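This report concerns only the one structure given below.
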Amino acid sequence: MTSATTPPSTPHAPPTADASPGGRDDLPPLDVLLPAPRRLDPDPREDALAALYADEPPSRGPWTVRANMVTSIDGAAWGPDQRSGSINDDADWRVFRVLRALADVVLVGAGTARAEGYTALGRPRGLTHLRAAPLELALVSRTGHVPERLVAADRPPFVLTAAAGADAARSVLPDDRVVVVGDAQVDLAAGLQVLADLGLRRVLTEGGPTLLGALLRADLVDELCVTTTPGIVGPGPGRIVAGDVPAGPQQGVPVLPRGARLAHLLHSPHARPGAPAGTTIARWLLPIG
Ligand SMILES: NC(=O)c1ccc[n+]([C@@H]2O[C@H](COP(=O)([O-])OP(=O)(O)OC[C@H]3O[C@@H](n4cnc5c(N)ncnc54)[C@H](OP(=O)(O)O)[C@@H]3O)[C@@H](O)[C@H]2O)c1
């Protein structure tokens, strides 16, 4: 749990910038259950784990959007403290940092940046051989309200906003970091195109649920990586997808609900001390709807 004296967290990441949720350096082994059983022992370079998340060919545009989310087994997207950090664990963290190491840009909703106290991002320690370029952050915000600690960052985020939020965003960020796409609503596809034009084609979205819901409705998600940690939170928290109910068939083709193909399934026999073991980590590929 984050307090005034601990650094801010990021969704299902631990409160410190590069330490595991359990505060240990030794990350747990991961068993590959599918497609072919084997064990991935802790590895500072994480080459084998990164290979499991190798790029798929882009199919929806010049970009790929990978969503990475965590849930409890009863479907909660956050814990009693309103943050996802309280439902994650070391196994999730092991994959989380590899996905950040492989991305060009992390895309988050402004609500998540505010709730989780996002700061400027860096490449995870020891994994720059996977991708050396700076890891960019892009915020989606209709209102254009950027959290203070991101305004103050040496490397400010991009903000994807609508005309309605342009002035607010431009009042605190350099013009070249404010991407205005859409009038009343943020046109997410247009925003992804702008990022791709800047060379930011591997997009990792870390949520939150409202942004993921909008991306799914617009059929912009190529893959959904879901960690299920073995806890029960109980009634209250929302799911990993939120927002408006889909308006029905678009151009004759319903985008949601839809199927997905399992690329791999990992399992961790270890968990943070005192917590039950059994975390599963799935990579689901989404066909075009
Ligand atoms: N389980 C997980 O993996 C996970 C991951 C991330 C977050 N979370 C949790 O989720 C909770 C936050 O949920 P949330 O749904 O509020 O998060 P969110 O999607 O990050 O934030 C919603 C806000 O982001 C902006 N936004 C999102 N989608 C937009 C779109 N399509 N167009 C324009 N603006 C958009 C809007 O900001 P403006 O108001 O500025 O317009 C909106 O109010 C927190 O408790 C967090 O811990 C869980």
Side-chain angles (χ1 to χ4, degrees), residues 1-2 8-15 21 65-89 92-93 95-96 99-100 106-118 137-148 150-151 157-169 171-173 178-192 203-221 224-229 231 233 236-244 246 279 281-282:
M1 188 177 303
T2 303
S9 67
T10 52
H12 57 124
V65 175
R66 167 183 282 156
N68 186 31
M69 304 293 284
V70 65
T71 174
S72 64
I73 55 175
D74 60 339
W78 55 84
D81 62 352
Q82 314 290 319
R83 297 181 181 206
S84 51
S86 54
I87 57 170
N88 77 347
D89 64 11
D92 178 62
W93 173 235
V95 171
F96 182 94
L99 298 190
R100 278 200 171 178
V106 170
L107 183 74
V108 288
T112 292
R114 293 180 198 120
E116 306 274 354
Y118 263 69
L137 175 64
L139 215 64
V140 180
S141 169
R142 196 180 58 78
T143 62
H145 289 140
V146 182
E148 185 63 35
L150 284 172
V151 170
F158 291 96
V159 174
L160 309 187
T161 190
D167 286 350
S171 70
V172 294
L173 290 179
V178 179
V179 178
V180 181
V181 278
D183 294 327
Q185 304 298 327
V186 178
D187 182 336
L188 292 169
L192 291 170
V203 180
L204 171 66
T205 182
E206 296 177 349
T210 303
L211 176 60
L212 181 57
L215 289 165
L216 285 167
R217 271 199 314 279
D219 195 16
L220 293 171
V221 182
L224 188 46
C225 298
V226 182
T227 296
T228 306
T229 53
V233 175
R239 296 164 49 209
I240 60 172
V241 175
D244 300 334
T279 293
I281 301 173

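Whatever order the structure lists ligands and atoms in, that order sets their numbers, starting from 1. These figures come from a predicted structure and were not determined experimentally.
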Sub-3.5 Å N/O-N/O distance, [X] and ligand 1:
X	answer
His145	no
Val186	no
Ala115	no

Enumerated ligand 1 atoms positioned under 4.0 Å from heavy atoms of [X]:
X	value
Ser84	1 (N), 2 (C), 4 (C), 47 (O), 48 (C)
Met69	2 (C), 3 (O), 4 (C), 5 (C)
Val70	1 (N), 2 (C), 3 (O)

Student check: side-chain heavy atoms of [X] and [Y] closer than 4.5 Å:
X	Y	value
Thr71	Arg239	no
Val140	Val108	no
Ser141	Arg114	yes
Leu150	Leu173	no
Leu107	Leu188	no

Closest protein heavy atom to [atom], given as residue, atom name and distance to 0.1 Å:
atom	result
atom 6 (C) of ligand 1	Glu206 O, 3.1 Å
atom 15 (O) of ligand 1	Thr210 OG1, 2.5 Å
atom 31 (N) of ligand 1	Ala214 CB, 3.4 Å
atom 24 (O) of ligand 1	Ala110 N, 3.1 Å
atom 9 (C) of ligand 1	Trp78 CE3, 3.8 Å
atom 45 (O) of ligand 1	Gln82 O, 2.6 Å
atom 23 (C) of ligand 1	Gly111 N, 3.4 Å
atom 48 (C) of ligand 1	Ala77 O, 3.3 Å

Option nearest [atom] (shortest heavy-atom distance, choices [options]):
atom	options	result
atom 20 (O) of ligand 1	Leu107, Thr112, Leu188	Thr112
atom 34 (N) of ligand 1	Arg142, Arg83, Glu116	Arg142
atom 8 (N) of ligand 1	Gly144, Pro209, Gly243	Pro209
atom 19 (O) of ligand 1	Leu211, Ile240, Leu215	Leu211

I'd like to know if [X] contacts ligand 1, where contact means a heavy-atom distance under 4.0 Å to any ligand atom.
X	result
Gln185	no
Val108	no
Val140	yes

**Message:** For Leu99 and Arg66: C-alpha separation, side-chain torsions, deciding distance, then whether side-chain contact (heavy atoms from CB on, under 4.5 Å) applies.
**Reply:** CA-CA 9 Å; Leu99 298 190; Arg66 167 183 282 156; 3.8 Å; yes

**Asked** Between the side chain of Arg142 and the main-chain N/O of Ala164, is any donor-acceptor distance below 3.5 Å?
**Response**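 No, the answer is negative, given that no donor and acceptor are paired below the 3.5 Å cut-off.
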
**Asked** Between the side chain of Arg217 and the main-chain N/O of Gly243, is any donor-acceptor distance below 3.5 Å?
**Response**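 No, Arg217 side chain to Gly243 backbone: no donor-acceptor pair under 3.5 Å.
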
**Request:** Nearest 0.5 Å please: distance from the CG atom of Asn68 over to the CG atom of Leu212.
**Result:**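 So the gap between those two atoms works out to 10.5 Å.
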
**Inter-residue atom distance Arg100.CZ - Leu204.CG, 0.5 Å rounding** =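 Spacing of CZ (Arg100) from CG (Leu204) equals 7.5 Å.
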
**Asked** Under 4.0 angstrom from atom 2 (C) of ligand 1, is there any protein heavy atom?
**Response**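 Given the 4.0 Å cut-off, atom 2 (C) of ligand 1 counts as touching protein heavy atoms.
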
**Message:** Within the protein, is there a heavy atom lying under 4.0 Å from atom 43 (O) of ligand 1?
**Reply:**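 Protein heavy atoms within 4.0 Å of atom 43 (O) of ligand 1 - there are none.
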
**Message:** Looking only at the side chains, is there a donor atom on one of Ser86 and Asp81 sitting less than 3.5 Å from an acceptor on the other?
**Reply:**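 On atom types as modelled, these side chains qualify, holding a pair under 3.5 Å.
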
**For ligand 1, the portion of Arg114 having any non-hydrogen atom under 4.0 Å away** =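 Side chain only.
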
**Request:** Report the C-alpha distance between Thr205 and Val221 in whole Å, list the side-chain angles of each, state the deciding distance to 0.1 Å, and finish with yes or no for side-chain contact (heavy atoms from CB on, under 4.5 Å).
**Result:** CA-CA 9 Å; Thr205 182; Val221 182; 5.8 Å; no

**Message:** Quick check: closest heavy atoms across Ala76 and Ile87, and the distance to 0.1 Å?
**Reply:**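 Between these two residues, the closest heavy atoms are O-CD1, 3.3 Å.
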
**Prompt:** Should Thr279 and Asp89 be marked as a side chain to side chain donor-acceptor pair (under 3.5 Å) after you check the CA-CA gap, both sets of side-chain angles, and the distance that decides it?
**Reply:** CA-CA 8 Å; Thr279 293; Asp89 64 11; 2.4 Å; yes

